[in-house]
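This report refers to the structure that appears directly beneath it.
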2 protein chains.
Amino acid sequence: METMNTASAPADEPQWLTAEEQRVWRAYLHATTLLEDHLDRQLQRDAGMPHIYYGLLVGLAEAPHRRLRMTELAMQAKITRSRLSHAVARLEKSGWVRREDCPSDKRGQFAVLTDAGLEVLRRTAPGHVSAVRQALFDRLTPEQQKSLGEIMQIVAEGLQPNEAGADLPWLR
Amino acid sequence: METMNTASAPADEPQWLTAEEQRVWRAYLHATTLLEDHLDRQLQRDAGMPHIYYGLLVGLAEAPHRRLRMTELAMQAKITRSRLSHAVARLEKSGWVRREDCPSDKRGQFAVLTDAGLEVLRRTAPGHVSAVRQALFDRLTPEQQKSLGEIMQIVAEGLQPNEAGADLPWLR
DNA sequence: ACCTCTTTGTTCAAGTTTCAAGGACAGGCG
DNA sequence: CGCCTGTCCTTGAAACTTGAACAAAGAGGT
């Protein structure tokens, strides 16, 4: 719990955000929560499921044979296996996903997108894409889009549990 | 989905995201969910509350007399009044916030940051700021930080029902 | 005063997420 | 084989979120 700052900041003083950094951080928080809420409501209304569940169906739709091992699906969606377990149970109840045993590993389960699941995607994808466009891409210049992609790529890599050579000094 | 259109902008065909846009969008989704999870866990561990609750305390700490009307606090945090009601109930149970009646409007309630609440903030803010730095600012160039701020500002404004000291003539 | 519409904040029920715990299998090693 | 140890996934309870419905009080108009 000690800070090891020695250079520009006093040893035990935290490095507060500058005024400019605060503006950026708040804008980030506002934009991300507003957008997430917006898309959640859009999908709940039009597809009957929250945004993250929709993302699961998309992940399955793009996978070979429309199926993925639970762990793979969880990693792709950046959620815990526990959360995925509950989510798939719900999607199964809705008839959009079905579970299948893995023949080669008896612990394993496949999540498989059903025809009904694919149909839901087909029906709701245009509206969702449109919502994303309206909220994000339509408002940004090509340069901003490019910049956003780079920035988010960097941030995501930095937080990936077991990737990238992030051996930064672990000061807190 | 197959049915691909050949023209650039057919009237009734959805405008799918380009490959580049998809990359940006996925990077955005991954980065934001990873960062949100990361900060949620950091604060749950160090402060005993989720990120959004922490934001409520910060909002109160910065308000005059460390107090805000429920609706104002909800707007500032970009959450519904219902959610805020539950959150404040929980924060009250933890002793970090207290409710007070509004004298001028008998329906109204103030959420007031207690001394214990301020103390929690004082104790945990450095660690949180540090976490934000490590995950975000330390990884971006000054130009990227600036760009991120602009982009998020635009997105937030686009989704805000209506804000910014806007006294615009609203045609009804 | 009266009536109506809006605002404020809460509550209920249903749904979702988290964390800790656990069952079942796989892989390696003596 | 028997015994670890790690991986895969599920479960249950508690915490959190959501949307609709609600009571109470303000705000205006007539």
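Each chain gets a letter, A, B and so on, in the order its sequence line appears, and its residues count up from 1.
Using a 4.0 Å cut-off, no side-chain N or O of B:R45 falls inside it from OP1 or OP2 of C:dC19.
If you check D:dC8, C:dT10, C:dG9 against the side chain of B:T71, the one that comes closest is C:dG9. Of the listed nucleotides (C:dT16, D:dT10, C:dT11), C:dT11 has the atom at the smallest distance from the side chain of B:S85. Minimum atom distance to the side chain of B:Y53 is reached by D:dC16, of the listed C:dC12, D:dC16, C:dT16. Minimum atom distance to the side chain of B:P50 is reached by D:dC16, of the listed D:dC9, D:dC8, D:dC16. For B:D105, the side-chain atoms get nearest to D:dG26 when compared with the rest of D:dG26, C:dA24, C:dG9.
Atom pair B:L91:CG and D:dA15:P shows a separation of 14 Å (rounding to whole Å applied). Atom pair B:M75:CE and C:dT7:P shows a separation of 12 Å (rounding to whole Å applied). The nearest whole Å value for the distance from the NZ atom in B:K93 to the P atom in D:dA14 is 13 Å. The distance between atom CD of A:Q44 and atom P of C:dT16, rounded to the nearest whole Å, is 7 Å. Look at CZ on B:R83: it is 18 Å from P on C:dG9, rounded to the nearest Å. Between A:D101 atom CG and D:dT10 atom P there is a gap of 10 Å when expressed in whole angstrom units. A straight line from CZ of B:R69 to C1' of C:dG9 spans 9 Å, rounded to a whole angstrom. One atom, NE2 of B:H86, and another, P of C:dA14, lie 14 Å apart when rounded to the nearest Å.
Position along DNA chain C of the nearest nucleotide to A:S104 versus B:E72 favours B:E72 as the more 5'-ward residue. Residue-to-nucleotide proximity on DNA chain D shows that, of A:D37 and A:F110, the 5′-proximal contact is made by A:F110.
With respect to A:R139 and B:E157, no salt bridge is recorded, no charged nitrogen being found less than 4.0 Å from a carboxylate O. By the 4.0 Å N-to-carboxylate-O rule, B:E143 lies too far from B:K146 to be salt-bridged with it. For the pair B:R98 and B:D115, the salt-bridge criterion is not met [side-chain N within less than 4.0 Å of a carboxylate O].
Among the protein residues, B:I79 comes within range of no part of the nucleic acid, since none of its heavy atoms lies under 4.0 Å from any strand.
Counting atom types as modelled, B:R81 pairs no side-chain N or O with a base atom of C:dT8 as donor and acceptor under 3.5 Å. Between the base of D:dT11 and the side chain of A:S82 there is a donor-acceptor pair shorter than 3.5 Å.
Between the side chains of A:S147 and B:S147, at least one donor-acceptor pair of N or O atoms lies under 3.5 Å. Judged by distance alone, the side chains of A:R81 and A:S85 never bring a donor and an acceptor atom under 3.5 Å apart.
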